[in-house]
Amino acid sequence: MSKEVIALILAGGQGTRLGSLTKKMAKPAVAFGGKYRIIDFTLSNCSNSDIEVVGVLTQFEPLVLNSYIGIGAPWGLDRRDGGVTILPPYLNEEGGEWYKGTANAVYQNIEFIDLHKPKYVLILSGDHIYKMDYSKLISFHKEKEAEATIAVLKVPLSEASRFGIMNTTEDGSIYEFEEKPIEPKSNLASMGIYLFNWDILKKFLLEDEQDKKSHHDFGKNVIPNMLNSGVKLMAYPFSGYWKDVGTIESLWEANMDLLESDNELDLFDTNWKIYSSAFIQPAQYIGKEAKIVNSLIGEGCKIYGTIINSVIFPGVYIAKDAIISDTVVMEDTIINESTIINKSIIGNRCEIGQNCKVGKTESKNISIISDDFYMEGGTIYV
Amino acid sequence: MSKEVIALILAGGQGTRLGSLTKKMAKPAVAFGGKYRIIDFTLSNCSNSDIEVVGVLTQFEPLVLNSYIGIGAPWGLDRRDGGVTILPPYLNEEGGEWYKGTANAVYQNIEFIDLHKPKYVLILSGDHIYKMDYSKLISFHKEKEAEATIAVLKVPLSEASRFGIMNTTEDGSIYEFEEKPIEPKSNLASMGIYLFNWDILKKFLLEDEQDKKSHHDFGKNVIPNMLNSGVKLMAYPFSGYWKDVGTIESLWEANMDLLESDNELDLFDTNWKIYSSAFIQPAQYIGKEAKIVNSLIGEGCKIYGTIINSVIFPGVYIAKDAIISDTVVMEDTIINESTIINKSIIGNRCEIGQNCKVGKTESKNISIISDDFYMEGGTIYV
Amino acid sequence: MYSILGIINLNEDDSRIEELTYNRPIAAIPFAGRYRIIDFTISNMVNSGINHVFIFTRDKYRSITDHIQTGRAWDLERKNKGVFIFNPLQNYYPYLRSSDMDIISDYLDYIYYSKEKYVVISPSYFISRIDYSKMLKEHIERKADISVAYKKIEKETGEYSDSDCLIIGKDNRVIDIINKKGAKNVFMETIMMERKLFMDIINKRILGTDKDLLKDAVFQLKNNLKIFAYNYDGYLVKIDTINTYYKENLELLKESTMSKLFSDSWPVYTKAKDEPPVKYQVNAEVTNSMIASGCCIDGTVENSVLFRRVGIQPGVKINHCIVMQNSKIGENAVLEHVILDKNVVISSGEVLRGTWDDPIIIEKNQII
Amino acid sequence: MYSILGIINLNEDDSRIEELTYNRPIAAIPFAGRYRIIDFTISNMVNSGINHVFIFTRDKYRSITDHIQTGRAWDLERKNKGVFIFNPLQNYYPYLRSSDMDIISDYLDYIYYSKEKYVVISPSYFISRIDYSKMLKEHIERKADISVAYKKIEKETGEYSDSDCLIIGKDNRVIDIINKKGAKNVFMETIMMERKLFMDIINKRILGTDKDLLKDAVFQLKNNLKIFAYNYDGYLVKIDTINTYYKENLELLKESTMSKLFSDSWPVYTKAKDEPPVKYQVNAEVTNSMIASGCCIDGTVENSVLFRRVGIQPGVKINHCIVMQNSKIGENAVLEHVILDKNVVISSGEVLRGTWDDPIIIEKNQII
């Protein structure tokens, strides 16, 4: 069956800037927001936008991600035709190779794309946190009769030099693309979300593959080549929450953003639910001496201590007299009595002993405790 | 959740001896029996044996196989926990490599196996045609308190030198394994079906990986090493139809075997159904001048000609005055008027023009027409 | 694209086809070798881009539940949408059955919470290949309040004798509906409107709706609302008598008829049964017949339709027969103009001869 | 391992808990923050290795169908097995409802075509953690014809006052069943036997079975067949009165009670609802309470159970309350000893005070 649009999620990155959090898993599988994994946002966006064929391009430590995505049921992507497909590199008659760049990863899956005979291909990143109705982007693309459309976000001009910047004419068509310009001419930053007419994209991918000097990257090679060749590129303006959680700091910040009372991501909005693979946990229990303020607490937690401005994932146990603030605690971790934790990210399945002290509120840095760590009672780790 | 047994199906082979039939797909995805793909037999055996976690190890041209298996629904393997998982090679912190051999393929998936905490691991091949209740093999293994059990088939002693032969004591325990012995001491051939205690297998896989001289193969390395180390290996006697369809001849033969009135594979047995991804085709139509004898015909075919001793897949059109005998015709192929085909395998989506002549009944060889081939009218191809 | 909620209304008169409907509604009668009648309507919906389907049953709904299961065969097993079967609530006694308005109104909250802008209501017993997305396009272009589908019949035939017919004005507006033999514009009982209007009609909140049957309530509004007729001109049969059931099945053996109902671009989906291919044995002689998978044939079959897993033994001769799933015909039996329901066993040597206009019908599970 | 067909019999007396069962059977009442009562029995079956479950409803089955859907939440969406809901066929009028024998016998062919050697029949309103595989082990070891589960109650409590009790002989054979206040061996209405025997009982093909209720029919056989009592000694409550419903929910706030019902090795499954984590806002003061996901709390909550997506505004004080899904409590409202059913809205400043033995109950969808 032919599908009008198929989406490809680039989820192969190793995420080295997330340090020990991505030692044994791909970045999109990292936990976020007291319940979710980063890729839930992109998958839920696809599902809510009625996109029925989604390929997830993986190659680095895909096990956790694969087993998390499973058959795609939590996102309604367990379809008879299409649904979600994991796309790792493979061997063919000429041998095989790992994905060399974002464009090469898509190039290696041309056959998969052709199978579904799509008119458009939507290229997404698996490690961005945002809510977006892609069907509106698609309508925009059709209306403008574009050949490629790039979603852009207005950033403060002072920060524009950290992004790929799109310079557009009045009608939104892109005439120039500058990667991290020192003197930005506009504040429209590329969100790394591309919609292409498949026939055009395929042609450029085939050409790019031949180019020995290419990095095989959308931002560095394919988009500039398209611009040079006169392809009709449009900028689709997006407004709303968007965050690339590629670093420890941005991951922590994105979690803290959720605690703002007027946060734009609004996880409680029933019109654009973020789906997630469910935990099998009873309701959380809050003990007699517990105190919880301005925090998100997941299912199955048992809280006997104090929690302030923090995000606590399912199955966490916080003993009495423990004080947690400005901190993210991931799944099934145990924090023992009288331990104080500030401005930290504590990984999955850790146990922190009694009377420990982790992190410092006034510190610039986020303290990280990686998965499965056991911390002796009395330890000071700042 | 822990599962007692998980099955791994080795489906990575390129199948070069099947020639053009496996140019664009892995061997287990090759069509068989007028409806099925080779891997349907192993997957259905797993499903009927109540094995709920199945990993399919692929690396060569997995696209057709992946999209065929999908979420595993046709085999009842679309489970919330487990079900069927495609396992290609992947990158980890130390880089990554392709599967080097059957044992190395399993070695590279130790983490996947550990995730399910199985007691036993069943190693299967994706390109054998047979029906087998693995739960009986598992009971046998437990009863005998074996550490490894290998399914064996009695073959004529004259042919034994073509197989891996198990020499056993009276109680079925294996004391010697000989790969293709010139003077076989027994006629018990290994079927390439292994049940291991996972802790034992894991230990041997880790050792084998260190061995620079190893081929990383179960038959050549792991099993002999186990024998040498005194692991308790049992032979599980199987009787019934079994065929390795690794060559054109054996694939053709296996198809023809289905036409024998007393064939042991019995596709019509409702107690051990072979599941397959369904075709969306109406019932077949047999025309006014058609003649069909001793043949299997799939859904959605339109038959106006004569078919003798042949296996015809869904969606095939056979025009009037065409004569097909001792032949396999795969999906959606069109055979035009007055064409005569003998002893051939015609691939998927071919069109054979009028008045062609393909194959020869008295020939020793099977004529092959590969997928998507268009043959001009009047061609003689013998 | 605007979204449509599909509603299949199984409030269908089965009194003239009762031999086949003792234990099933018309929707569940096997048709064309491997389908149930309802498959065609569901497939039309799916092929029209509808992914949210409500089936309202009236009685004998077990076979519908068994057939539809989770809806996976139609790709209608979905997280938030998909297919839902609504059986009449137990507070309705059988004598109230005739009111589809009542049955639907009990489940109105499901329609309320659906998000589709439009609904299309269709029966199962009209087998067609109607494209509801085309119907919607016309509906929107004409700014219709309600659109109803009909087919213009060229020759006068008896097949639609009990159907309602539309009287259509020049601008395609529906003037009236009549039940009259020989009328030309056969009303397919397919109705499209906005979901909100539909809820108002079911709630009888609209002036003038005091009827128990949905179609009556709709046409009662013909003066207040703009009801337009949508002209469908493809394959159409109405299966509500034994006679049409028998003849329309065999009519499909004509290439020209079959190609009107089946094509790659408009597939008909049905539940997969994991049957092997058809096995033709050494004595098989099959001509001009439609054979479903899993059959095993060792006799003579002419001008017939065989459903799944039918067994034909050597020496058997069947002609102009419809043989449903899992029936077995013993050696040397001769059957002409016969309909065998499911799981029938015909003993060796048995001879049954009906006629073209009066076929013999053997009920489910009989041993003859 | 021998296979068991699980049968959940929802023929349960709801007359003493009617405030919560106007629109739902007992099985569908929310319990313990995120479950429905039936979740515990289904999860027990799944955890015992049962993968084929039949649910026989009696009435008000809409909420059961909505909750179970395809069974995926319990991993019971399966090709050939899984979970099936059987509603009473329409030919039964409400006054015949009391006979579970009749309801089941209408679907006997499904039981006939099942392949499991054994069946276990269980109600939903006994919430336990019974392991049916252990029960089967004893059943086989004792060579029992029928096994029935009971719990020995140490102290005399009112909670099981309307339950049947077993009189058990020394060899664990059941001597008799009585309905008597204060008896010790509470019969959990859980019955195990071979599937064939079960079919015979339903068919009333066994000498002496002339009863309409399954449990009566079973115990009528006590002299002809070997009926053994299986002793279960874990968590057990029977939810068939408002009083037990209210107290047993709050009882779960005790660590010792909660850990008897919930553990990682015996998970309780339920339908996922895609709710976000609980949001505690700046004015939140929550102690000794169970809170389900999706709640948003900006007030004071003590000794209470909050189901999913409950909203608590600033200044609110609730104590000893059960607040079901999606209810909203406006600013400064004060609630003590109150049960709010689903979708209730309590206006700002409202004060409601019940007592421990007589909690106030606010029905579904009310605005107070």
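Here is how names work: the chains are called A, B, and so on, in the same order as the sequence lines, proteins then strands, and each is numbered from 1.
Residue D/V268 touches chain A through its backbone alone, counting heavy-atom pairs closer than 4.5 Å. If you measure heavy-atom distances from A/I312 to chain D, you find no contacts under 4.5 Å at all. With a 4.5 Å cut-off on non-hydrogen atoms, A/Y304 touches chain D through its side chain but not through its backbone. Heavy atoms closer than 4.5 Å to chain A are found in both the backbone and the side chain of D/L253. Using a 4.5 Å cut-off between heavy atoms, D/A32 touches chain A through its backbone atoms (N, CA, C, O) alone.
Atom CD of residue A/Q284 and atom OG of residue D/S289 lie 10.0 Å apart, to the nearest 0.5 angstrom. One finds the CG atom of D/D274 at 10.0 Å from the OG atom of A/S277 (value rounded to the nearest 0.5 Å). Distance check: A/I280 CD1 to D/W74 CH2 gives 10.5 Å after rounding to the nearest 0.5 Å.
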Handout entry: side chain to side chain contact (heavy atoms under 4.5 Å, CB included) between D/R309 and A/T270, worked out
Key = CA-CA 11 Å; D/R309 214 170 257 274; A/T270 50; 3.4 Å; yes

Exercise for the section: Starting from the C-alpha separation in whole Å, work towards a yes-or-no answer on side chain to side chain contact (heavy atoms under 4.5 Å, CB included) for D/N288 and A/Y285. Expected result: CA-CA 7 Å; D/N288 194 40; A/Y285 173 73; 2.4 Å; yes

Practice task
Please assess D/R72 against A/D78 for the test side chain to side chain contact (heavy atoms under 4.5 Å, CB included), listing each intermediate value before the final yes or no.
Solution key: CA-CA 12 Å; D/R72 174 165 289 278; A/D78 53 332; 4.2 Å; yes

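With respect to the salt-bridge test (charged N to carboxylate O, under 4.0 angstrom), the residues D/E275 and A/K35 do not qualify. Ion pairing between a basic and an acidic side chain is recognised when a charged N comes within 4.0 Å of a carboxylate O; A/K288 and D/E302 show no such pairing.
Of all heavy-atom pairs spanning D/C296 and A/F268, the tightest one is CB-CE2, 4.3 Å. Closest non-hydrogen pair, A/A283 versus D/M258, comes out as O-CE, 4.0 Å. Of all the heavy atoms in D/E255 and A/K302, the pair that sits closest is OE2-NZ, 3.5 Å. The minimum heavy-atom distance between A/P282 and D/Y35, with the atom names listed, is CA-OH, 3.0 Å.
Atom NZ of D/K317 has 12 or fewer neighbouring heavy atoms from other residues, nucleotides or ligands inside a 6.0 Å radius. Other residues, nucleotides and ligands place no more than 12 heavy atoms under 6.0 Å from the NZ atom of D/K260.
When the candidates A/V293, A/L267, A/I297 are compared by the number of heavy-atom contacts under 4.5 Å with chain D, A/I297 comes out ahead. Put simply, of A/E289, A/K291, A/K273, the one with the most heavy-atom pairs under 4.5 Å next to chain D is A/K273.
Proximity of D/P277 to A/Y36: side-chain heavy atoms (C-beta onward) are separated by under 4.5 Å at one or more points. Considering only heavy atoms from C-beta on, A/I286 comes within 4.5 Å of D/I291 through its side chain. A 4.5 Å side-chain heavy-atom check between D/K279 and A/N294 finds at least one atom pair inside the cut-off.
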